[in-house]
Amino acid sequence: MAIASARGQLKPARKQMFETAAARREAVARREAALAEEAGEMSEPHVLGREALEVAKAWAVVGIFGMMFFALVHYMSLILIPVTLAIVVGLILGLAADKMGRSGVPRAGIAFILSSLVFAILFLVVNSLAQPVATLVKEGPNFVERTMQRVTPFLESQHWLNISPATFQNSQMSMDKLIENSGNVIGIVTSQLTPAIIQGMIFFAALLLFLYGRLKLRKTLIMAFPTRKQRLTTIRVLNSVDQVLGYYFATASMLYFALGISMTLIAYFGGLSMPLLWGVFAFLSSFIPFIGITLMTVAVAIAGILTHDALIIGLIPAFIFFSIHLAMENLVFPAVMGRQWEINPFIVFLAILFWTWMWGAVGAMLALPLSLIVMTIISELFPERKTTPHLPG
């Protein structure tokens with residue numbers, strides 16, 4: 001009986017000992033799990049930091065190559081400007097080239113006819129501007145002097161500008177300084193004639209060869225992709241680029257030609273000299289968004305002030321021209337073009353600033369076509385991300 005009683009007392013003690021050991025093991029397991037979780041949390045920022053560093057390195061490499069690329073573009077501007085211009089003009093003439101090809105005209109004939117047409121247009125423009133520009137160069141100092149004589153009284157009447165006769169006598173804004181600077185500008189323009197002639201020759205040679213080998217280059221670009229889906233995408237992108245550029249510039253040319261005629265009539269009835277020249281300037285400047293209309297309006301305002309004694313009457317031609325251009329860009333142009341091809345005006349403005357800084361006046365003219373090409377490619381590659389911003393003129 002004593003032995004049985006002793007065994008009965010040992011069972012609860014043994015059970016308690018096992019429960020205590022299990023509780024200890026469970027506590028150890030919880031502690032290890034907590035330590036492991038803490039270690040994971042401590043190591044997570046390190047992993048994220050490493051991934052962020054890898055992303056930063058990748059973007060840094062892209063940025064370095066981007067800067068090197070644009071530095072090369074700027075360094076090779078003498079060649080790249082006419083070649084790029086030739087490619088853009090060739091793409092604009094793509095629809096006309098396709099229609100001529102379907103009519104049975106051979107490739108050599110298409111290239112020769114379209115290149116000759118471009119040359120004839122440019123020759124007529126340059127020939128019409130040659131005599132007025134020569135007169136302007138000859139009369140540049142006198143023109144600056146007469147402009148300051150007419151504008152100075154108006155500026156002096158605006159007391160908040162703090163402008164007095166001494167401002168134009170003993171400072172960098174003096175008449176002598178302005179006349180000297182106008183002579184320097186004329187000298188700079190004259191010194192650029194030789195590079196311009198070289199670039200013109202490169203442009204026409206590149207345009208002729210591009211139009212001649214356009215279809216072959218197109219086929220080579222399409223076949224460069226291995227899969228059928230990629231080739232179909234390339235065909236769709238190329239067709240969209242040709243359609244956008246051709247339709248946009250055909251429509252813009254007709255509308256801006258009407259604007260040029262309007263400017264010619266405004267200059268004629270407004271008493272400005274050489275009204276036909278003003279019409280040509282209005283037509284050409286309209287192809288450069290923002291900057292072109294601004295410079296044209298300022299030029300018309302200055303010419304009106306020099307022509308008429310009354311300031312208000314002198315500003316009327318500029319006001320009428322600006323109003324017509326504003327109505328055309330915001331009412332007529334969107335109604336004709338629709339909203340299938342539109343670009344954010346701020347993007348176009350930045351593109352103009354960038355390409356003007358890179359390539360000067362030609363860069364400003366190429367900013368809009370290059371923006372159209374880039375945005376068309378993005379829209380075709382990512383159709384679900386298409387946007388409908390406004391396309392400035």
Side-chain angles (χ1 to χ4, degrees), residues 81-101 110-111 113-126 203-204 206-208 210-211 214 218 237-263 279-293 296 325 328-345 347-349 351-352 355-356 359 361-377 379-380 389-393:
I81 288 176
V83 172
T84 305
L85 184 61
I87 294 174
V88 170
V89 173
L91 292 175
I92 293 173
L93 298 175
L95 295 179
D98 291 338
K99 291 182 179 180
M100 295 176 66
I110 295 174
I113 293 173
L114 294 180
S115 299
S116 300
L117 180 62
V118 173
F119 177 80
I121 294 174
L122 292 179
F123 177 79
L124 291 176
V125 172
V126 173
F203 165 75
F204 284 110
L207 179 62
L208 180 64
F210 178 81
L211 290 173
R214 173 175 166 271
R218 180 187 177 95
V237 170
L238 293 176
N239 290 338
S240 298
V241 170
D242 288 343
Q243 188 177 11
V244 168
L245 290 178
Y247 186 73
Y248 173 78
F249 280 95
T251 306
S253 297
M254 290 187 294
L255 293 178
Y256 295 154
F257 181 76
L259 181 66
I261 295 177
S262 302
M263 184 62 232
V280 174
F281 280 156
F283 172 76
L284 297 177
S285 64
S286 298
F287 285 98
I288 306 177
F290 307 118
I291 298 178
I293 179 62
M296 185 65 192
H325 191 281
M328 181 174 292
E329 292 296 340
N330 292 277
L331 297 177
V332 180
F333 206 97
V336 175
M337 289 292 295
R339 295 190 174 276
Q340 65 268 38
W341 301 309
E342 297 182 340
I343 302 179
N344 192 300
I347 295 178
V348 177
F349 181 72
I352 292 173
W355 288 110
T356 303
W359 287 349
V362 180
M365 296 179 62
L366 288 173
L368 181 58
L370 294 178
S371 300
L372 282 171
I373 293 173
V374 172
M375 296 302 294
T376 302
I377 293 174
S379 298
E380 293 298 331
H390 179 66
L391 177 63

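Heads up: numbering here begins at 1 and tracks the sequence. In this text, all values refer to a predicted model and were calculated from it rather than measured experimentally.
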Out of curiosity, [X] [atom1] to [Y] [atom2], how far, rounded to the nearest 0.5 Å?
{"X": "Leu255", "Y": "Met328", "atom1": "CG", "atom2": "CE", "answer": "5.5 Å"}
{"X": "Leu372", "Y": "Ile92", "atom1": "CG", "atom2": "CD1", "answer": "9.0 Å"}
{"X": "Asn239", "Y": "Thr376", "atom1": "CG", "atom2": "OG1", "answer": "12.0 Å"}
{"X": "Met375", "Y": "Ile347", "atom1": "CE", "atom2": "CD1", "answer": "5.0 Å"}
{"X": "Asp242", "Y": "Tyr247", "atom1": "CG", "atom2": "OH", "answer": "16.0 Å"}
{"X": "Leu370", "Y": "Ile352", "atom1": "CG", "atom2": "CD1", "answer": "11.5 Å"}

Looking at [X] and [Y], what are the two nearest heavy atoms and their distance?
{"X": "Glu380", "Y": "Ser240", "value": "OE2-OG, 3.0 Å"}
{"X": "Gly90", "Y": "Leu207", "value": "N-CD1, 3.8 Å"}
{"X": "Phe210", "Y": "Ile87", "value": "CE2-O, 4.0 Å"}
{"X": "Ser371", "Y": "Ala351", "value": "OG-CB, 3.4 Å"}
{"X": "Ala206", "Y": "Ala86", "value": "CB-CB, 3.6 Å"}
{"X": "Ser115", "Y": "Leu211", "value": "OG-CD1, 3.7 Å"}

Worked check of side chain to side chain contact (heavy atoms under 4.5 Å, CB included) between Val88 and Met365
CA-CA 11 Å; Val88 170; Met365 296 179 62; over 6 Å; no

Kindly indicate whether the side chain of [X], heavy atoms from C-beta on, has any atom under 4.5 Å from the side chain of [Y].
{"X": "Met263", "Y": "Met296", "value": "yes"}
{"X": "Arg214", "Y": "Asp98", "value": "yes"}
{"X": "Leu93", "Y": "Val89", "value": "yes"}

By the definition ring pair (Phe, Tyr, Trp, His ring centres under 6.0 Å), identify the one residue from Phe249, Phe281, Tyr248, Phe287 that meets it with Tyr256.
Phe287

Determine, step by step, whether Leu91 and Ile373 satisfy the side chain to side chain contact (heavy atoms under 4.5 Å, CB included) criterion, reporting the C-alpha distance in whole Å, the side-chain angles of both residues, the deciding distance to 0.1 Å, and the verdict.
CA-CA 10 Å; Leu91 292 175; Ile373 293 173; 4.0 Å; yes

Begin with the C-alpha distance, continue with both residues' side-chain angles, and end with the deciding distance and a verdict on side chain to side chain contact (heavy atoms under 4.5 Å, CB included) for Ile121 and Leu117.
CA-CA 6 Å; Ile121 294 174; Leu117 180 62; 4.2 Å; yes

Considering residues, nucleotides and ligands other than Phe119, do more than 12 of their heavy atoms fall under 6.0 Å from its CZ?
no

Sidechain-backbone polar pair: Thr84 side chain, Ile81 backbone, donor-acceptor under 3.5 Å
no

Phe203 and Val362: CA distance, side-chain angles, deciding distance, side chain to side chain contact (heavy atoms under 4.5 Å, CB included) verdict:
CA-CA 12 Å; Phe203 165 75; Val362 180; over 6 Å; no

